[in-house]
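Here the structure is a predicted model, which is why all the values come from computation and not from measurement. Naming convention: chains lettered A, B, ... in sequence-line order (proteins, then strands); numbering from 1 in each chain. Hydrogens, waters and symmetry mates are skipped; everything else that's a heavy atom, side chains included, is used.
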There are 2 protein chains.
Amino acid sequence: MYSSELIKGTLKTIVLKLLTSQEKMYGYEITQKVKTLTGDKIQITEGALYPTLHALEEEGVVTTETVYIGKRIRKYYSITPKGKSKVEEKVNEFSEFMETMKFLLDIKPQTGNV
Amino acid sequence: MYSSELIKGTLKTIVLKLLTSQEKMYGYEITQKVKTLTGDKIQITEGALYPTLHALEEEGVVTTETVYIGKRIRKYYSITPKGKSKVEEKVNEFSEFMETMKFLLDIKPQTGNV
DNA sequence: AAAGATACATAAGATTTCTATGTATGCAAT
DNA sequence: ATTGCATACATAGAAATCTTATGTATCTTT
């Protein structure tokens with residue numbers, strides 16, 4: 001498990017990206033998928049996910065569809081065209097950010113005053 | 001400039017790493033160095049930096065030395081041995097995190113129900 | 001003399017996430 | 001049958017982090 005601060009700021013990107021890989025997913029499914037895909041390294045908590053999904057819906061980047069599985073409710077999320085361009089932006093930005101960080105974190109110590 | 005959320009959680013890592021590259025640095029110098037090194041892509045604000053530096057000092061990963069340049073004060077920060085092992089940990093963790101994210105953000109869309 | 005850069009610092013607010021809690025169903029084991 | 005675990009939604013309060021704004025003061029350049 002990564003220290004949670006690292007994951008901050010990437011949650012929306014992860015969720016949107018996942019929603020481009022499948023036509024629709026529901027909240028609980030997203031938490032499990034991320035857990036599995038990352039070998040338990042990233043765990044999205046429900047307390048973080050659900051408010052985020054609601055925010056994404058308000059932004060118009062996902063739409064919902066409520067389904068009953070027996071008596072249990074299930075809320076499917078799908079990405080909108082607006083969401084598709086958004087996720088592309090976000091992924092590109094994150095890739096650039098990673099390059100910058102790689103460079104920064106590869107700085108070598110100066111040799112002392114020889 | 002990156003959207004600020006991305007940078008969250010990486011400030012301490014950046015600062016500590018920089019302090020391994022030079023024997024000592026002062027706050028303002030750190031902001032300028034990061035700005036220069038990243039081509040203005042990452043800008044550390046003073047409101048974020050100073051509290052962080054104070055926290056790092058409390059954690060015992062940096063020590064300070066106050067110097068007068070004329071009448072103007074300057075506070076130099078140096079990394080401690082404890083800080084050196086900390087920064088190694090943090091850089092490793094971030095590298096792993098980047099690998100995980102790369103994998104996640106490279107997921108391909110499923111072909112539809114053909 | 002004014003403006004901009006240097007150099008420190010803190011406080012209020014925004015944002016994001018975590019922990020905890022709540023409700024409820026379905027299923028498996030005792 | 002009932003206890004416990006997994007599924008599935010949701011929100012509220014607390015914690016952490018960063019931004020914006022403000023404050024003080026010096027130095028340098030125009």
Side-chain angles (χ1 to χ4, degrees), chain A residues 1-16 18 24-36 40-59 62 64-77 90 94 97 101, chain B residues 1-16 18 24-36 38 40-59 62 64-77 90 93-94 97 101:
Chain A
M1 263 287 281
Y2 298 123
S3 71
S4 51
E5 331 133 279
L6 280 184
I7 298 149
K8 287 192 186 187
T10 61
L11 183 53
K12 281 187 182 179
T13 308
I14 293 173
V15 170
L16 287 178
L18 272 186
K24 55 183 180 176
M25 294 181 85
Y26 54 97
Y28 188 77
E29 186 185 10
I30 292 175
T31 66
Q32 299 308 303
K33 188 100 186 181
V34 171
K35 200 181 159 190
T36 305
D40 290 23
K41 281 179 207 150
I42 296 181
Q43 300 217 28
I44 297 179
T45 60
E46 294 176 86
L49 181 64
Y50 291 118
T52 297
L53 285 171
H54 301 163
L56 290 173
E57 192 179 3
E58 285 230 338
E59 289 170 37
V62 300
T64 62
E65 183 191 347
T66 300
V67 172
Y68 280 84
I69 307 297
K71 281 177 187 171
R72 185 188 287 166
I73 214 172
R74 186 179 284 177
K75 214 166 156 187
Y76 278 103
Y77 289 83
K90 277 185 165 287
F94 189 74
F97 174 65
M101 284 299 290
Chain B
M1 263 287 282
Y2 297 123
S3 72
S4 52
E5 331 132 284
L6 280 183
I7 296 148
K8 287 193 184 184
T10 61
L11 184 53
K12 281 187 181 178
T13 308
I14 293 174
V15 170
L16 286 177
L18 271 187
K24 55 182 181 179
M25 293 180 85
Y26 54 98
Y28 188 77
E29 187 185 9
I30 293 174
T31 65
Q32 298 308 303
K33 189 98 184 182
V34 171
K35 198 180 160 192
T36 306
T38 64
D40 291 24
K41 280 180 209 151
I42 297 182
Q43 300 215 31
I44 298 180
T45 61
E46 294 177 87
L49 180 62
Y50 291 118
T52 296
L53 285 172
H54 301 162
L56 290 173
E57 192 179 4
E58 285 229 339
E59 288 170 36
V62 301
T64 61
E65 184 192 347
T66 301
V67 171
Y68 280 86
I69 306 296
K71 280 177 186 171
R72 185 187 287 164
I73 215 172
R74 187 179 284 176
K75 214 166 155 187
Y76 278 103
Y77 290 82
K90 277 185 164 289
E93 194 189 16
F94 190 75
F97 174 65
M101 284 300 290

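What separates OH of Tyr28(B) from C1' of dC8(C) is a distance of 12 Å, to the nearest Å. Atom OH in Tyr50(A) sits roughly 16 Å away from atom P in dT17(C) (whole-Å rounding). Taking atom NZ of Lys8(A) as the reference point, atom C1' of dT16(C) lies 6 Å away to the nearest angstrom. Rounding to whole angstrom units, NE2 of residue His54(B) and P of dA11(C) are separated by 12 Å. Rounded to whole angstrom, the span from the CD atom of Gln43(A) across to the C1' atom of dA6(D) amounts to 15 Å. Taking atom CG of Leu56(B) as the reference point, atom C1' of dT17(D) lies 13 Å away to the nearest angstrom. Computed from coordinates, the Ile44(A) CD1 to dA8(D) P distance equals 16 Å when rounded to whole Å. Rounded to whole Å, the distance from CD1 on Ile73(A) to C1' on dA10(D) is 11 Å.
Taking every side-chain heavy atom of Tyr26(A) into account, dA8(D) is the closest of dA7(C), dT19(D), dA8(D). Picking from dT17(C), dT10(C), dC18(D) the nucleotide with the shortest atom distance to the side chain of Ala48(B) gives dC18(D).
Among the heavy atoms of the strands lying under 4.0 Å from Gly47(A) is at least one base atom, whether or not backbone atoms are also near.
Note that NZ of Lys12(A) is 12.0 Å distant from CG of Leu49(A), once rounded to the nearest 0.5 Å.
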Give me, pair by pair, the N or O atoms of the protein and of nucleotides 23-26 of chain D that are less than 3.5 Å apart, along with how far apart they are.
from: dT26(D); atom 1: O2; to: Arg72(B); atom 2: NH2; distance (Å): 2.2

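Annotation: of the two residues near DNA chain C, Gln32(B) and Tyr77(B), the 5′-most nearest-nucleotide partner is Gln32(B).
Residues that satisfy the ring pair (Phe, Tyr, Trp, His ring centres under 6.0 Å) test with Tyr26(B), not counting sequence neighbours, are Tyr76(B). In this structure, the side-chain contact (heavy atoms from CB on, under 4.5 Å) partners of Thr38(B), at least two apart in sequence or on a different chain, are Thr100(A), Leu104(A), Val34(B), Lys41(B), Ile42(B).
Here the closest non-hydrogen pair linking Glu29(A) and Lys24(A) is OE1-O, 4.2 Å. Across all their heavy atoms, Val62(B) and Leu53(B) have their closest contact at CG2-O, 4.2 Å.
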